Asker: 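What follows is a single structure, and I will ask about it in a moment.
The structure presented is a predicted model; accordingly, all values stated were derived computationally and were not measured. Here is the naming used below: chain letters follow the sequence lines, and residue numbers restart at 1 for every chain.
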2 protein chains.
Amino acid sequence: MSRPPEPILGLPTEPTQARRFGKTRTAQSSAIAEDYAELIADLLASVGEARPTDIARRLGVSHATAIKTVARLKREGLATSRPYRGVFLTEAGEALAARVKARHRLVVDLLRAVGVPAEAAEQDAEGIEHHVSDVTLAAFEAYLQR
Amino acid sequence: MSRPPEPILGLPTEPTQARRFGKTRTAQSSAIAEDYAELIADLLASVGEARPTDIARRLGVSHATAIKTVARLKREGLATSRPYRGVFLTEAGEALAARVKARHRLVVDLLRAVGVPAEAAEQDAEGIEHHVSDVTLAAFEAYLQR
DNA sequence: CCTGAAATGTAGTCGCAGCTACACTTTCTG
DNA sequence: CAGAAAGTGTAGCTGCGACTACATTTCAGG
């Protein structure tokens, strides 16, 4: 966000196969927000409420970490919660969760389609999904409907 | 690494479609190490030396950040460097770079094969590659040789 | 061979995701 | 309905990646 343009040019006269890294770094925090939104939506749908402890368990972190991250989501307008009552999603949060869920499915389906075992597909999709651009997502969709 | 087992069980009596997140989080730091190793190898191969400033430019970060991260790589036995001389890779570092490079190619090829435009494929692969397990990688390879 | 620009290194700050430890509600149960 | 167990929240610490600002070293031209 705060990192300005800075062309990122390759070495001047050298024919380096410049690959643009760049994003990836700041992407991490939004990846976590996505995971939380998705999980909270899941919990709300399946259990009717999303408690910090459940979130923590499912993500494999301490409950304190879960609570702090939920606080960040609240700050960012994605979630709401009141002390000792569960966590809920704002409209923005729900929208995010829906997008993430759809993307997740698509990524898993694509992986399966190219022969990745179910177990690995589910597992890897968790990490991969956060880095799939809209263009790539569209290509996945087209491929699956070939 | 320091996070112990902690079974990560789903809710006891609830039929939640438990998806294992878990790793992902600590994975981030090794993803960065991978990027650096790969880039340093690239620079060494194409320009003959890897200077902090070049690394920083290519990654889109400040030179201070690059230097600090290189320090971490040194701590982890992946790189070496002496003040004002460039950065080099240890054997472990080279091995890592080679693995990463190969994996990157495979991911890009797979993406292209399912119809992702070249530009997007290169770009997304950068983020995706760090989350592709060996099993998935093997599946990609098999698919490409269909 | 000397000097100034460019590169390199160092210090100190911030935000965030983790953790443990402790304090405080809620809720369950005897 | 009181006490214990479970859940929730707060405080304080760490590591890491990112930054800016400042200090130092190299090295190329004059």
Asker: Identify, with sequence neighbours excluded, every residue that meets side chain to side chain contact (heavy atoms under 4.5 Å, CB included) alongside A92(B).
Answerer: L78(B), T90(B)

Asker: Using only side-chain N and O atoms of R75(B), determine if any of them is under 4.0 Å from OP1 or OP2 of dG15(D).
Answerer: no

Asker: Restricting to nitrogen or oxygen on both sides, can you table the protein-nucleotides 6-10 of chain C pairs closer than 3.5 Å?
Answerer:
from: dA7(C); atom 1: O3'; to: R51(B); atom 2: NH1; distance (Å): 3.0
from: dT8(C); atom 1: OP1; to: R51(B); atom 2: NH1; distance (Å): 2.4
from: dT8(C); atom 1: OP2; to: T53(B); atom 2: N; distance (Å): 3.1
from: dT8(C); atom 1: OP2; to: T53(B); atom 2: OG1; distance (Å): 2.4
from: dT8(C); atom 1: O3'; to: Y84(B); atom 2: N; distance (Å): 3.3
from: dG9(C); atom 1: OP1; to: Y84(B); atom 2: N; distance (Å): 2.8
from: dG9(C); atom 1: N7; to: H63(B); atom 2: NE2; distance (Å): 3.0
from: dG9(C); atom 1: O6; to: H63(B); atom 2: NE2; distance (Å): 3.0

Asker: Given atom CG of L73(B) and atom C1' of dC16(D), what is their separation to the nearest angstrom?
Answerer: 13 Å

Asker: Applying side chain to side chain donor-acceptor pair (under 3.5 Å) between D54(B) and each of R58(B), R57(B), R51(B), report the one that passes.
Answerer: R57(B)

Asker: Using whole Å, report how far CG of L59(A) lies from P of dA17(C).
Answerer: 12 Å

Asker: Are there over 12 heavy-atom neighbours, none belonging to R146(B), within less than 6.0 Å of that residue's CZ?
Answerer: yes

Asker: Write out a two-atom table: protein N or O, nucleotide N or O from nucleotides 1-5 of chain D, distance below 3.5 Å.
Answerer:
none

Asker: Quick check on DNA chain D: between T65(B) and E76(B), whose nearest nucleotide comes earlier from the 5' end?
Answerer: E76(B)

Asker: Any chance you could measure E76(B), atom CD, to L96(B), atom CG, to the nearest 0.5 Å?
Answerer: 10.0 Å

Asker: To the nearest Å, how far apart are I32(B) CD1 and dC16(D) P?
Answerer: 11 Å

Asker: Looking at every heavy atom in both V116(B) and A139(A), which two are closest together, and how far apart are they?
Answerer: CG2-CB, 3.7 Å

Asker: For the CG atom of L106(A) and the NZ atom of K101(A), what is their distance to the nearest 0.5 Å?
Answerer: 13.5 Å

Asker: Any side-chain heavy atom of R99(B) within less than 4.5 Å of one from H104(B)?
Answerer: no

Asker: Take atom NZ of K74(A) and atom C1' of dT8(D), then tell me their distance rounded to the nearest Å.
Answerer: 12 Å

Asker: Would you kindly say whether K74(B) and S81(B) are connected by a side-chain donor-acceptor distance under 3.5 Å?
Answerer: yes

Asker: Please state whether the phosphate of dC16(C), meaning OP1 or OP2, lies under 4.0 angstrom from any side-chain nitrogen or oxygen of R72(A).
Answerer: no

